[in-house]
*Asks:* 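Before I ask anything, let me first share the structure, which is written out below as C-alpha cells.
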Amino acid sequence: MTGVLCTTFMSEYSYASLTNGSKFLGNIIAGSVPSSYGTYWNQVTPENSTKWGAVEGNRNSMNWGQADMAYNYAQSKGYPFKFHTLVWGSQEPTWVKNLSAAEQKAEVTQWIQLAGQKYGKSAFVDVVNEPLHAKPSYRNAIGGDGATGWDWIIWSFQQARQQFPNSKLLINEYGVIGDPALADQYVNIINILKSRGLIDGIGIQCHHFNMNTVSTSTMTTVLNKLGATGLPIYVSELDMSGDDATQLARYKEKFPVLWNHPSVKGVTLWGYIQNQTWEPNTHLLNSNGTERPALKWLKQFFGQSVTTEGQSIMLEKDSMQPTEETVQQ
C-alpha cells in the first residue's frame, strides 16, 4: 500500500528544490529559465551571460539582457546568485588584447564597477576564474606577477571588494579535485589572498573529465587541503558523464564525498537538461522530461518534501517512502 502511495505522489506532484538545508544545491541558467528549475535547484549561476566577453563583445556596448534574466529570477525566488566571473583569460573581449596597458586597466576597472552597480546583491562573485590555466591577456596592466607572483589577482580582488562589498568573494579553478599537487599551488594563491582579507571562499570545479576517474581518496585529500585554509569550499561546476548505469554509479560513489565534507558549503551542477549541457551524457533530465537514474538517486539522497492539500509528506532519505506519521489515508 505504501509503495503505491509513493508512486502516486511522485508522478502527480512536483517537488520543491532537492534540498532546503544550510547547504545549497544549485545549477546554471543560460538563455532562459527551465520550467523545472525550482523543482531541483536553489542557487543560480549564469552559464555565460555574466562573463565579460558575453556582456561587452563590442567595446562600450553592454548586453546585460540574459544576465538580468538569471539575476532577477534568483532574486525573485530568494536563491543565492553567483556572478561568474570578473577576471578570466577565456571569454574575455577580443578587443581588449590590442589596447595599451593604461587602456586595459581602465576598461577592466570599468567592467568591475558596472558589474557591481548592477549585481551588488549577488551572494557570491567568482572574482578570478582559472588563474592556473587561463591568465588574462591584460594581467600585466593590473599588476602582473609582481612581488607575490600573483599581484594581478590581488588587484582583482581589491577591486571586487570595493564594488561588491556585500558579496562573498571566491576564486575558481578546474583540475584541482584530481591533483593534490595542483591543489597545493591553488592553496598558495588562496593564502596570499587570505592574508590580506580579500577572499571569502574557494571554488572548485568538478567536471566530468576529472570526476569520472578520480578516486574518492584523492578527492578527500584535496578537499582536506583546501579546507585546512579555514575557508569554505563551494563545488562550482559539477558534472559526471556516462550511460545511465555508469553515471548513476559515479554519482553514488562520489557525490557524497563532496556534499558531506564539512568544509563544503554548497554544490552547483553545470547543466542538467539533455541537449542543453556543454558536454554529452552529463545531463540528468532527459529532453522528454524523464529523470535519469542519477537524478532519481539524488532525490533519494536528499529526501523529498511534497505538499498536497495543505499536508506535508516527507519522503525519507534512502527509502523514498512516506513516513508513517505523515501519511493520513
Side-chain angles (χ1 to χ4, degrees), residues 16-30 33-34 37-52 54-55 64-88 111-130 153 156-173 190 193-194 197-206 223 226-227 229-238 258-259 261-272 302:
S17 53
L18 293 182
T19 180
N20 293 299
S22 59
K23 298 183 181 186
F24 62 74
L25 183 68
N27 217 303
I28 54 172
I29 289 177
V33 181
Y37 196 92
T39 302
Y40 303 108
W41 323 115
N42 61 2
Q43 181 269 335
V44 173
T45 299
E47 183 174 21
N48 285 301
S49 63
T50 47
K51 295 169 181 173
W52 190 10
V55 174
W64 301 105
Q66 289 190 353
D68 284 347
M69 177 268 298
Y71 181 77
N72 292 337
Y73 172 76
Q75 293 294 306
S76 72
K77 296 294 186 180
Y79 297 160
F81 178 87
K82 185 171 77 167
F83 190 98
H84 171 75
T85 175
L86 292 174
V87 174
W88 185 30
W111 154 241
I112 295 172
Q113 289 174 342
L114 292 174
Q117 289 168 12
K118 284 190 64 68
Y119 307 112
K121 292 183 180 179
S122 299
F124 306 97
V125 179
D126 280 340
V127 180
V128 174
N129 197 41
E130 301 175 1
I153 298 180
S156 300
F157 272 80
Q158 289 171 336
Q159 298 302 307
R161 186 67 88 197
Q162 292 177 22
Q163 303 304 326
F164 290 87
N166 300 312
S167 304
K168 293 184 184 297
L169 303 186
L170 312 180
I171 196 166
N172 195 41
E173 185 57 270
I190 291 161
L193 294 167
K194 183 185 174 186
L198 292 173
I199 189 169
D200 302 306
I202 302 167
I204 180 171
Q205 300 177 26
C206 289
L223 293 172
L226 301 180
T229 65
L231 293 169
I233 299 169
Y234 298 94
V235 177
S236 58
E237 303 181 23
L238 173 65
L258 298 172
W259 186 264
H261 193 279
S263 293
V264 172
K265 303 304 180 185
V267 174
T268 303
L269 282 75
W270 207 249
Y272 71 105
F302 287 109

*Asks:* For the residue pair Trp259 and Phe24, what are the closest heavy atoms and their distance?
*Replies:* CZ3-O, 3.3 Å
*Asks:* Considering only heavy atoms from C-beta outward, does the side chain of Gln205 approach that of Asn172 to under 4.5 Å?
*Replies:* yes
*Asks:* Run the numbers on Ile153 and Val87 for side chain to side chain contact (heavy atoms under 4.5 Å, CB included), then give the verdict.
*Replies:* CA-CA 9 Å; Ile153 298 180; Val87 174; over 6 Å; no
*Asks:* Say whether, by atom type as modelled, one donor and one acceptor occur between the side chain of Trp111 and the main chain of Leu86 under 3.5 angstrom.
*Replies:* yes
*Asks:* Assess whether atom NZ of Lys168 is packed by more than 12 heavy atoms of other residues, nucleotides or ligands within 6.0 Å.
*Replies:* no
*Asks:* Please confirm whether the backbone N or O of Lys118 pairs with a side-chain atom of Lys121, one donor and one acceptor, at under 3.5 Å?
*Replies:* no
*Asks:* Which atoms form the tightest heavy-atom contact between Asp68 and Tyr119, and what is the distance?
*Replies:* OD1-OH, 2.6 Å
*Asks:* Without swapping roles, check the side chain of Arg161 against the backbone of Leu169 for a donor-acceptor pair under 3.5 Å.
*Replies:* no
*Asks:* Taking the side chain as every heavy atom from C-beta outward, state whether Ile204 and Ile233 have any pair of such atoms under 4.5 Å apart.
*Replies:* yes
*Asks:* Taking atom NZ as the centre, does Lys77 end up with more than 12 heavy-atom neighbours from other residues, nucleotides or ligands that are less than 6.0 angstrom away?
*Replies:* no
*Asks:* Return the orientation label for the Phe164 and Phe83 ring planes: parallel under 30°, perpendicular over 60°, tilted otherwise.
*Replies:* tilted
*Asks:* Do the non-hydrogen side-chain atoms of Tyr73 and Ile29 ever get within less than 4.5 Å of each other?
*Replies:* yes
*Asks:* So which atom in Lys265 and which in Pro262 form the shortest heavy-atom distance, rounded to 0.1 Å?
*Replies:* NZ-O, 2.9 Å
*Asks:* Ignoring hydrogens and geometry, is there a side-chain-to-backbone donor-acceptor pair from Asn42 to Thr19 under 3.5 Å?
*Replies:* yes
*Asks:* Look at Lys51 together with Asp126 and state whether they make a salt bridge at an N to O cut-off of under 4.0 Å.
*Replies:* no
*Asks:* Distance from Asn20 atom CG to Leu25 atom CG, nearest 0.5 Å?
*Replies:* 10.5 Å
*Asks:* If you take the centroid of each ring, where Trp contributes its six-membered ring, are Trp41 and Tyr79 closer together than 6.0 Å?
*Replies:* no
*Asks:* I want to check something: taking the side chain as every heavy atom from C-beta on, are Val127 and Ile112 in contact at a cut-off of under 4.5 Å?
*Replies:* no
*Asks:* Any chance you could measure Leu223, atom CG, to Ile202, atom CD1, to the nearest 0.5 Å?
*Replies:* 10.0 Å
*Asks:* Does any N or O in the side chain of Ser49 come within less than 3.5 Å of the main-chain N or O of Pro46, such that one atom is a donor and the other an acceptor?
*Replies:* no
*Asks:* Give the minimum heavy-atom separation between Cys206 and Val235, together with the two atoms involved.
*Replies:* SG-CG1, 3.9 Å
*Asks:* Just so I know, are the side chains of Ile171 and Phe157 near enough to count as touching, which here means a heavy-atom distance under 4.5 Å?
*Replies:* yes
*Asks:* Thr45: what forms a side chain to side chain contact (heavy atoms under 4.5 Å, CB included) with it, not counting sequence neighbours?
*Replies:* Ile28, Gln43, Lys82, His84, Thr268, Trp270
*Asks:* Looking at every non-hydrogen atom in both residues, tell me the closest pair between Phe81 and Ser122 and how far apart they are.
*Replies:* CD2-OG, 3.4 Å
*Asks:* Determine, stepwise, if the pair Val33 / Met69 fulfils side chain to side chain contact (heavy atoms under 4.5 Å, CB included).
*Replies:* CA-CA 8 Å; Val33 181; Met69 177 268 298; 3.5 Å; yes
*Asks:* Quick one: CZ on Phe124 to OH on Tyr234, what's the gap to the nearest 0.5 Å?
*Replies:* 4.0 Å
*Asks:* Should Tyr71 and Trp64 be marked as a ring pair (Phe, Tyr, Trp, His ring centres under 6.0 Å) after you check the CA-CA gap, both sets of side-chain angles, and the distance that decides it?
*Replies:* CA-CA 10 Å; Tyr71 181 77; Trp64 301 105; over 10 Å; no
*Asks:* List the atom of Ile190, the atom of Leu231, and the distance in Å for their closest heavy-atom pair.
*Replies:* CG2-CD1, 3.6 Å
*Asks:* Working to the nearest 0.5 Å, report the span between CG of Leu226 and OG of Ser263.
*Replies:* 8.5 Å
*Asks:* Tell me whether Lys194 contacts the main-chain N or O of Thr229 through its side chain, where contact means a donor paired with an acceptor under 3.5 Å.
*Replies:* yes
